[in-house]
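Right, one structure below, let's go through it.
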Amino acid sequence: MKLTQTVHGVTFENPTVLASGIWGITAASWRRAAEAGGAGGITTKSIWLHEHKGHPNPTIISTEHWTLNAVGVPDAGPEKAREEMAAYMINKPAPLILNIIAESVENYGKTAEALLPMKPDFLEVNISCPNVEDEFGKPFACSAPAAGAVTKAVKAVAGKTPVFIKLSPNALSIAEIAIACAKEGADGFTVINTVGPGMAIDLRSRMPILSNKVGGMSGPAIKPIAVRCIADVYAATEGKLPIIGTGGVHTGEDAIELMLAGASLIGIGTAISTRGFDVFKKVAAEMQEWGEREGVEDLEELVGGMHEEMRRRAVIAK
Amino acid sequence: MKSIPLQSRLPRTLRIAQVRKETDMVTTFMLPISLGSLPGQFLMLWLPGRDEIPMSIALDDGENLQVTFFAVGDMTQALAKLKAGDLVGIRGPFGTSYAWEKKQHLALVAGGYGAAPMFFAASKAAQDGCTLDVIIGARSREHLLYQQSFASLPRTTVHIATDDGSEGHKGYNVTVLAELLSSGVKFDQIFACGPERMLVAVSDLAAKEGTKCLLSLERYMKCGYGLCGNCTVDPLGIRLCTEGPVVEGSLARQIAEFGKYHRDELGRKHPF
Ligand SMILES: Cc1cc2nc3c(=O)[nH]c(=O)nc-3n(C[C@H](O)[C@H](O)[C@H](O)COP(=O)(O)OP(=O)(O)OC[C@H]3O[C@@H](n4cnc5c(N)ncnc54)[C@H](O)[C@@H]3O)c2cc1C
Ligand SMILES: Cc1cc2nc3c(=O)[nH]c(=O)nc-3n(C[C@H](O)[C@H](O)[C@H](O)COP(=O)(O)O)c2cc1C
Ligand code: FES
């Protein structure tokens with residue numbers, strides 16, 4: 001089975017992509033995830049226009065079912081990001097997706113402008129981080145007008161670079177948000193960011209474990225939510241805009257399920273801490289194996305496969 | 001799926017069994033638990049409502065666990081005020097460990113709180129019949145850590161180096177190692193834990209001698225289990241929480257930032 005995916009003219013050797021914020025700090029980690037780890041593409045952590053302090057530790061905790069993180073999107077700002085991106089661009093091993101975040105519509109545009117000269121393959125706009133809600137009110141991803149306004153501001157400066165909006169599963173109607181972004185020219189979506197937030201309490205001390213009390217949930221438990229959100233966004237945009245499906249993927253079969261819901265590329269984050277930094281290679285090999293067994297020749301035929309199959313069966317039923 | 005047990009990724013709180021003041025600045029906690037840890041591994045120590053920091057395991061004898069720390073900043077100073085019976089949380093053990101073969105001749109070089117994990121390694125290696133030369137370095141005699149504990153181990157010679165010469169050799173512990181080597185002592189392996197410049201000097205000596213060495217490298221840590229990427233080093237991109245903290249000298253020497261800089265919680269570089 002052919003694993004290569006070409007999205008908006010950018011070719012990924014396989015559909016797996018390192019998700020934003022995981023390992024996303026330095027060029028050295030991106031390179032390792034791509035070269036030895038087998039990632040088809042790399043996403044940077046979210047970059048702010050100015051230095052942004054994160055939350056104190058504990059910031060990341062896990063069980064086998066879930067991970068809660070409240071790192072708080074710490075970042076040293078565009079200057080450091082430019083240095084790391086420049087280092088990665090020398091013999092770039094896989095496409096680079098630049099992820100940006102801001103506290104205002106205006107600064108989304110400015111952050112994009114500050115970093116686009118580094119020539120990332122895609123721009124991913126994080127409007128959905130639950131970790132920064134306290135500072136700035138609700139995330140943009142929960143309001144259609146706000147999500148549309150951010151999309152418009154970024155598209156105004158993005159030129160030819162495709163703009164992917166990273167959506168939140170916490171929106172009342174993710175479809176409505178996606179439609180608002182599509183109207184303003186979004187070129188694709190990343191679905192989903194973390195769920196919740198959630199909370200974990202230590203019994204003896206009776207204290208929340210995360211210093212921030214709450215944190216976004218990722219890992220195996222969120223996969224069904226990711227699948228539903230991808231299916232909703234795919235249906236709402238009639239499959240016209242590519243989706244980077246993200247959330248709980250640990251195996252090749254998980255990845256295929258997200259593709260059937262409508263994903264063209266597959267983001268992997270939390271699984272790196274259970275299956276290792278070469279989880280990308282493993283997932284790609286498992287997809288390959290599955291495809292061969294099932295007689296699927298091209299991954300592309302899986303994208304949105306559930307929707308197609310439901311239509312086909314509805315026609316037959318008539 | 002080969003990985004650390006996942007329940008180790010959520011802190012559990014327990015009451016400190018005993019607090020021991022080692023020096024003005026240094027405190028040891030005894031905790032009534034075993035994590036099945038190996039020498040060189042670390043845990044994340046949580047003080048509810050305050051902070052969580054990485055700390056080397058100074059002993060895990062199957063029943064009790066020990067950590068030894070310097071009060072250098074907000075968190076460690078808050079920890080230093082705790083008493084027996086107070087609650088702390090731990091998760092771990094994380095990372096790689098020191099390893100040896102039975103009856104090997106080992107040199108253990110310890111600087112600062114590096115003496116704590118070195119003692120864990122020494123006590124286990126002594127049980128395996130190893131012969132040990134332990135070289136402890138400190139600013140002055142009152143800052144020496146674990147001196148008596150090392151001295152109580154069988155087949156163990158303790159060497160001391162202090163900056164002010166108040167005990168043992170006046171100067172660096174690495175100089176003592178160099179003298180041992182040039183006097184013809186052959187070690188099967190050299191272990192070192194302490195300030196990074198000390199580690200660079202040890203790795204230089206080991207490379208010159210062609211002796212295998214294992215070093216404990218520290219970087220800013222958040223998750224401790226390979227997810228956040230805060231502890232990755234240039235240009236290899238290896239995570240020192242999972243692929244370290246204990247690394248072979250030959251690997252450390254491929255790390256461009258070894259002895260030169262480290263990154264803070266924002267990923268910004270700071271020179272040593
Ligand atoms: C694997 C490992 C093992 C360690 N073992 C010991 C030990 O056995 N005994 C001991 O005294 N110290 C140990 N440390 C260092 C210890 O974690 C720091 O001294 C402690 O975090 C300081 O916190 P603070 O709030 O008191 O000081 P701060 O003023 O906050 O920090 C002082 C310095 O400690 C470092 N630091 C702070 N937070 C962290 C963090 N989350 N991760 C890594 N470094 C940090 C920073 O580089 C800073 O320069 C170890 C560190 C690592 C990475
Ligand atoms: C530690 C951690 C940090 C993250 N940081 C970011 C970030 O900076 N920007 C962002 O858009 N998403 C961030 N995310 C969300 C992930 O990119 C991803 O959408 C989510 O974790 C779901 O995928 P997973 O289950 O494969 O981890 C972070 C997730 C984790 C666990
Ligand atoms: S501390 Fe998070 S990857 Fe090492």
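Chain letters run A, B, ... following the sequence lines, proteins first, then strands; residues in each count from 1.
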Which heavy-atom pair separates B:Asp51 from A:Pro58 by the least distance, and what is that distance? C-CD, 4.4 Å
Please look at B:Leu236 and chain A and tell me whether the side chain, the backbone, both or neither of the residue comes under 4.5 angstrom of a heavy atom of that chain. backbone
Which bit of B:Leu14 comes within less than 4.5 Å of chain A, counting heavy atoms only: side chain, backbone, both or neither? both
Scored by heavy-atom pairs under 4.5 Å with chain A, the best of B:Cys231, B:Gly49, B:Cys223, B:Gly89 is B:Cys223
Heavy-atom closest pair (A:Ala28 atom, B:Val233 atom, distance to 0.1 Å) is CB-O, 4.0 Å
Is B:Arg263 salt-bridged to A:Glu84, going by a charged N under 4.0 Å from an acidic O? yes
Could you report the tightest heavy-atom contact between A:Arg32 and B:Ile238, atom names first, then the distance? NH1-CA, 3.4 Å
Heavy-atom distance under 4.5 Å to chain A: side chain of B:Thr13, backbone, both or neither? both
Under a 4.5 Å heavy-atom cut-off, does chain A meet the side chain of B:Asn230, its backbone, both or neither? both
For A:Arg204, is it the side chain, the backbone, both or neither that has a heavy atom under 4.5 Å from a heavy atom of chain B? both
Which region of B:Pro235, side chain (C-beta onward) or backbone (N, CA, C, O), has a non-hydrogen atom less than 4.5 Å from a non-hydrogen atom of chain A, or is it both or neither? backbone
Rounded at 0.5 Å granularity, tell me how far CZ in A:Arg31 sits from OG1 in B:Thr232. 13.5 Å
Tell me whether the count of non-hydrogen atoms from other residues, nucleotides or ligands lying under 6.0 Å of NZ in B:Lys208 goes above 12. no
Nearest 0.5 angstrom please: A:Trp23 CH2 to B:Arg239 CZ, how far? 4.5 Å
Would you say A:Thr67 and B:Leu227 make side-chain contact, with heavy atoms under 4.5 Å? yes
Smallest heavy-atom separation, B:Pro48 atom then A:Met207 atom, equals CB-CG, 3.9 Å
Taking only residues two or more places apart in sequence, or in another chain, which ones meet B:Phe42 in a ring pair (Phe, Tyr, Trp, His ring centres under 6.0 Å)? B:Phe94
Looking at A:Lys213, I want to see if its NZ is surrounded by more than 12 non-hydrogen atoms of other residues, nucleotides or ligands under 6.0 Å. no
For residues B:Tyr225 and A:Ile61, report the shortest heavy-atom separation together with the two atoms involved. OH-C, 3.3 Å
B:Met75 portion near chain A, given a 4.5 angstrom heavy-atom threshold: neither
Count the heavy-atom pairs under 4.5 Å between each of B:Met44, B:Lys269, B:Glu243 and chain A, then report the option with the highest count. B:Glu243
Do B:Cys228 and A:Ile22 have side chains that approach each other closer than 4.5 Å (heavy atoms only, starting at C-beta)? no
Minimum heavy-atom separation for B:Gly226 and A:Ile272, please, with both atom names. O-CG2, 3.8 Å
Set out, in order, the CA-CA distance, both residues' side-chain angles and the distance that settles side chain to side chain contact (heavy atoms under 4.5 Å, CB included) for B:Arg9 and A:Ser273, then state yes or no. CA-CA 10 Å; B:Arg9 297 171 174 192; A:Ser273 67; 3.6 Å; yes
Contacts under 3.5 angstrom, residues 193-201 of chain B side chains, donor-acceptor by atom type, not counting sequence neighbours:
| residue | atom | partner | partner atom | Å |
| --- | --- | --- | --- | --- |
| B:Glu196 | OE1 | B:Arg219 | NH1 | 2.8 |
| B:Glu196 | OE2 | B:Arg219 | NH2 | 3.0 |
| B:Glu196 | OE2 | B:Gly259 | N | 2.8 |
| B:Arg197 | NH2 | B:Phe272 | O | 2.8 |

Would you say that more than 12 heavy atoms from the other residues, nucleotides or ligands in this model lie under 6.0 Å from the CD of A:Glu286, or not? yes
Positive for side-chain contact (heavy atoms from CB on, under 4.5 Å) with A:Asn57, one of B:Met221, B:Glu265, B:Lys222: B:Lys222
Contact origin within A:Ser205 toward chain B - heavy atom pairs under 4.5 Å: both
Salt-bridge present (A:Glu51, B:Arg268; N to O < 4.0 Å): yes
